[in-house]
Protein chains: 2
Amino acid sequence: MRSSTVLVRGKQNGAARGARIGDVAREAGVSTATVSRALAHPAQVSKELRERVGAAVAKLGYTPNAAARQLRVKRSRTVLVVTRRRWSAPFFAEVLRGLDAELSAAGYAMVLANFDGDGGNRSRQLVDMMFSGTIEGAVMLSGIVVAAEGRTMLDAGLPLVSLCAAAEGTHTVLTNEAECIVEGARRLAVLGHTDFLYLAGPPSNYNERVRWAALSAFFADPRQAGLRLRRAESGDFSTDGGLSAAQAFLGLSPRPTAVIASADEIAIGFMKAVRAAGIGVPSDVSVLGFDGIEFADFCEPVLSTIRQPREALGRLGARVLIEAIEAPSLPPLSHHVLPSRLDFRASTGPAPPGGASRGREAAPAPKRKGARAPVPAPAEGR
Amino acid sequence: MRSSTVLVRGKQNGAARGARIGDVAREAGVSTATVSRALAHPAQVSKELRERVGAAVAKLGYTPNAAARQLRVKRSRTVLVVTRRRWSAPFFAEVLRGLDAELSAAGYAMVLANFDGDGGNRSRQLVDMMFSGTIEGAVMLSGIVVAAEGRTMLDAGLPLVSLCAAAEGTHTVLTNEAECIVEGARRLAVLGHTDFLYLAGPPSNYNERVRWAALSAFFADPRQAGLRLRRAESGDFSTDGGLSAAQAFLGLSPRPTAVIASADEIAIGFMKAVRAAGIGVPSDVSVLGFDGIEFADFCEPVLSTIRQPREALGRLGARVLIEAIEAPSLPPLSHHVLPSRLDFRASTGPAPPGGASRGREAAPAPKRKGARAPVPAPAEGR
DNA sequence: ATCGGCGTTGTAATCGATTACATCAGTCGA
DNA sequence: TCGACTGATGTAATCGATTACAACGCCGAT
């Protein structure tokens, strides 16, 4: 049989072998049922035995085995958080903090997994997690419902929350980003700008699509007939993306006087590159970013941006998920919208008096390969 | 008994009720042992039955219950990653990517938990995780071995890796940060600087201590008798910390001409504040940061920094942990050092010809409450 | 004295997989 | 033809907790 000597902190070929519930029961002179009850439902146990059990637990350093408990009660108190590698790190880190704060306060552990649409291995890992009982729900920052072998994460029937993204069949927590970006364009128009350039992020990204759709819809409105909107691709929510978008900008003629980026990183990279080419911000071109990351305050000039409530998004996402998990029956899908806030600062100003530059007075970009034409709007939006 | 109709994707009061191994066995006309073997050790099962089992698994959408498996085989294939809230987000995000990449490739899930030395609740959660069998090992980015109720994370006997930090009894993965910061000071001295200021991060932080210890040891060396080192507190690895350190700097007389910050964020905040006060960088003061975050390339001027191999740190940390977990017996503690790299750019230059300014020509800081005196070196280092 | 009810405690079934061991069929060599 | 061996499969024990149910003692009401 099993060794009868009690190992308090014994180690045995690499794995810890702690006390089991039976050891505690023996030590306290009670049954295992009483030990279990004393720990989980203290009110059901007499003061006398409760104390004996407590002493035995402390003496042996007992911690209930999580797998055994999970198997029996079918609750893991663990949730999955799916992220995307291409995300903006400063944005993501804050959201994660909100999630962690709320989840840990409620006693949930958080499993973090990147998902970048890889071939099939990671997809299967994630889908299996949903079906294996390890997980009680998931927060998806990717907007993608991962699928593998004919099953999707949704099929497990667990609550799912899309955070900063929307997917069929999930709860959603969003911001009013569409309104905000339109409001930004409107404010720039009030400052006299008529020629706009949108710096797009990864076209497959949900937020990217929403922002572009809102912006292009606004410009398509006949009441905005005097305004012009073009679009340049950055490829990524990154400063590098901003650098490459700047090359496209420098090739345009006439040059737009107002630039709206789909992420602060893009705006920051863009500003650096155009200023290096002798273009003034905001004297020649106004730049508006998106997200409100910390470094928007520290670039030159200080970046106008749309501030997203990052930590609050994480907190709300967590609460929505926890509520769905703990509801006695399947709750209806909920949809929340948190407000983002437009913050105009030094990188935006009145349109230059002479109107748009012809793209001549500044030194042309040293080596720009194949003038990137502005890209037509994709099918979605309108 | 249990319903005999097989629920393929059935949901039942909120929780998914998938097929169990017995259902698969019945469907395939074999025993549960054969199903288990067909999935885990296919070579032990005849081709015929292997195929029947595979078909049944696919038909029923069977995924083994993780808790039951864990209970039996005592392996969770899950590791814990402990972070600290006060960490630099861009730094942290990259390290996390490295960890995730390596862990997921090896089939491990990653539980993420912030630890900020909170009263006791979080500590207990973490320690309990170590003892409850949920976790097979942990990577600690905090340098703190969490303890609660007389037990520490170490006591569970599981492998622990300290990443970018060192703690007794753990494997460590570090960078040569001490050498690098001294090399940075040396290079600045070669540029003619003699009056240095160190912008400290949170004094309880491991990296902060190592950097300060190395730097103060270097300046204490009699061969560097002509050099002077002072220290200002930033409180945090944050741009805000840099702003407040700048106030201390502006109050010094004579003002140091070389500033070494313990994090890029601090350096970036510092540069912004002193330039706003009319001090030129690098004409009046040279600034060297630490970490090599993306935004060091986008502030004004471009920040000289010490680049840390962030993703590589994460990857190595994960590999060290996995190796320790999978070793047949307790392996000896290992210690790795990855190289960081000094990168001098626009924010550092020759010492101003006139030597240090007297702290007069620039507008004094508007409201500086109680001139912050330079802080004496703490006990460690020498 | 008898009964019902309540509060406390113990016994044993249960969760769902893995795997030691037993069983059985088939193969090969003597 | 028999026994030893091999390979495939099934039976049932096992992991460690939770909890339904039974048992028990004690109380007050009848």
Side-chain angles (χ1 to χ4, degrees), chain A residues 1-3 6-7 12 15-53 56-57 60-77 128 131-134, chain B residues 1-3 6-7 12 15-53 56-57 60-77 128 131-134:
Chain A
M1 308 281 139
R2 177 185 308 152
S3 99
V6 174
L7 305 171
Q12 184 170 297
R17 290 283 276 109
R20 293 169 299 287
I21 197 171
D23 300 325
V24 176
R26 204 172 316 122
E27 175 76 23
V30 299
S31 73
T32 61
T34 301
V35 174
S36 179
R37 280 192 284 253
L39 295 173
H41 316 283
Q44 293 179 19
V45 176
S46 68
K47 184 153 168 288
E48 150 87 16
L49 291 195
R50 213 186 309 146
E51 280 165 4
R52 291 228 307 269
V53 169
V57 165
L60 302 182
Y62 169 70
T63 305
N65 180 291
R69 185 213 295 276
Q70 245 182 77
L71 175 59
R72 189 57 226 250
V73 303
K74 304 210 172 328
R75 294 219 42 196
S76 64
R77 291 204 149 258
D128 278 355
F131 281 89
S132 69
T134 355
Chain B
M1 302 289 138
R2 179 185 306 152
S3 99
V6 174
L7 305 171
Q12 184 170 297
R17 290 284 274 110
R20 292 168 299 288
I21 197 170
D23 301 325
V24 176
R26 203 172 317 120
E27 175 75 25
V30 300
S31 73
T32 61
T34 300
V35 174
S36 179
R37 281 193 283 253
L39 295 173
H41 315 285
Q44 293 179 19
V45 175
S46 67
K47 184 152 169 291
E48 150 87 14
L49 291 196
R50 214 185 310 146
E51 279 165 3
R52 289 228 308 268
V53 169
V57 165
L60 301 181
Y62 169 69
T63 306
N65 180 291
R69 185 211 295 276
Q70 246 182 75
L71 175 59
R72 190 57 227 247
V73 304
K74 304 208 171 330
R75 294 221 42 195
S76 63
R77 291 204 149 259
D128 278 355
F131 282 90
S132 70
T134 355

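Reckoned from all heavy atoms, side chains included, excluding hydrogens, waters and symmetry mates. Residue numbers start from 1 in every chain, and the chains themselves are labelled A, B, ... in the order their sequence lines are given, proteins ahead of strands.
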**Request:** First locate atom CG of A/Asp23, then atom OH of A/Tyr62, and finally report the distance between them rounded to the nearest 0.5 Å.
**Result:** 9.0 Å

**Asked** Could you give the CZ-to-P distance, from A/Arg50 to C/dT8, as a whole number of Å?
**Response** 9 Å

**Asked** Between D/dT9 atom P and B/Glu51 atom CD, what is the distance in whole Å?
**Response** 12 Å

**Request:** Compare every heavy atom of A/Thr32 with every heavy atom of A/Gly22, then report the nearest pair and how far apart it is.
**Result:** CA-CG2, 4.0 Å

**Request:** May I have the distance from A/Arg26 (atom CZ) to D/dG16 (atom P), rounded to whole angstrom?
**Result:** 12 Å

**Message:** So which atom in A/Glu27 and which in A/Ala56 form the shortest heavy-atom distance, rounded to 0.1 Å?
**Reply:** CG-CB, 3.5 Å

**Prompt:** So what is the end-to-end bend of the helix from C/dA1-D/dT30 to C/dA30-D/dT1, with 5 pairs used at each end and the value given to 10 degrees?
**Reply:** 60°

**Item:** A/Ile21 CD1 to C/dG10 C1', straight-line distance once rounded to whole Å
**Value:** 13 Å

**Prompt:** Where along residues 40-49 of chain B does a heavy atom fall under 4.0 Å from DNA chain C?
**Reply:** B/His41

**Request:** Using the test side chain to side chain contact (heavy atoms under 4.5 Å, CB included), find all partners of B/Gln44 that sit at least two apart in sequence or belong to another chain.
**Result:** B/Arg37, B/His41

**Prompt:** Between A/Lys74 (NZ) and D/dA17 (C1'), how many Å, whole number?
**Reply:** 12 Å

**Message:** How long is the straight-line distance from CG of B/Asn65 back to CD of B/Gln70, given to the nearest 0.5 Å?
**Reply:** 9.0 Å

**Message:** Classify B/Thr34 by what it touches in the nucleic acid, base, sugar-phosphate, or nothing, heavy-atom distance under 4.0 Å.
**Reply:** sugar-phosphate

**Request:** Please report the shortest heavy-atom distance between A/Phe131 and B/Thr63, naming the atom on each side.
**Result:** CB-OG1, 3.4 Å

**Item:** Which atom of B/Val35 lies closest to which atom of B/Val24, heavy atoms considered
**Value:** CG1-CG1, 3.8 Å

**Request:** Report which part of the nucleic acid B/Val30 touches: base, sugar-phosphate, or nothing (heavy-atom distance under 4.0 Å, all strands).
**Result:** sugar-phosphate

**Item:** Check: D/dG16 base within 3.5 Å donor-acceptor of B/Arg72 side chain
**Value:** no

**Request:** Please report the shortest heavy-atom distance between A/Ser76 and A/Thr134, naming the atom on each side.
**Result:** OG-O, 2.9 Å

**Asked** Tell me: CZ of B/Arg37 to P of D/dT9, nearest whole Å?
**Response** 8 Å

**Complete:** Of C/dT18, C/dA12, C/dG10, the nucleotide closest to the side chain of B/Ser36 is C/dT18

**Request:** Please state how far atom CG in B/Asn65 lies from atom P in C/dA17, giving the value in whole angstrom units.
**Result:** 6 Å

**Prompt:** Which comes earlier along DNA chain D counting from the 5' end, the contact point of B/Ala33 or that of A/Thr63, where each point is its nearest nucleotide?
**Reply:** B/Ala33

**Asked** In whole angstrom, what separates B/Leu39's CG from C/dA17's P?
**Response** 10 Å

**Message:** Is the phosphate of C/dG16 approached by B/Tyr62 (side-chain N or O, under 4.0 Å from OP1 or OP2)?
**Reply:** no

**Message:** Can you tell me whether the side chain of A/Arg69 and the base of D/dT18 have a donor-acceptor pair closer than 3.5 Å?
**Reply:** no

**Complete:** Heavy-atom nearest pair, A/Ala25 first then A/Ser31, reads CB-C, 3.8 Å

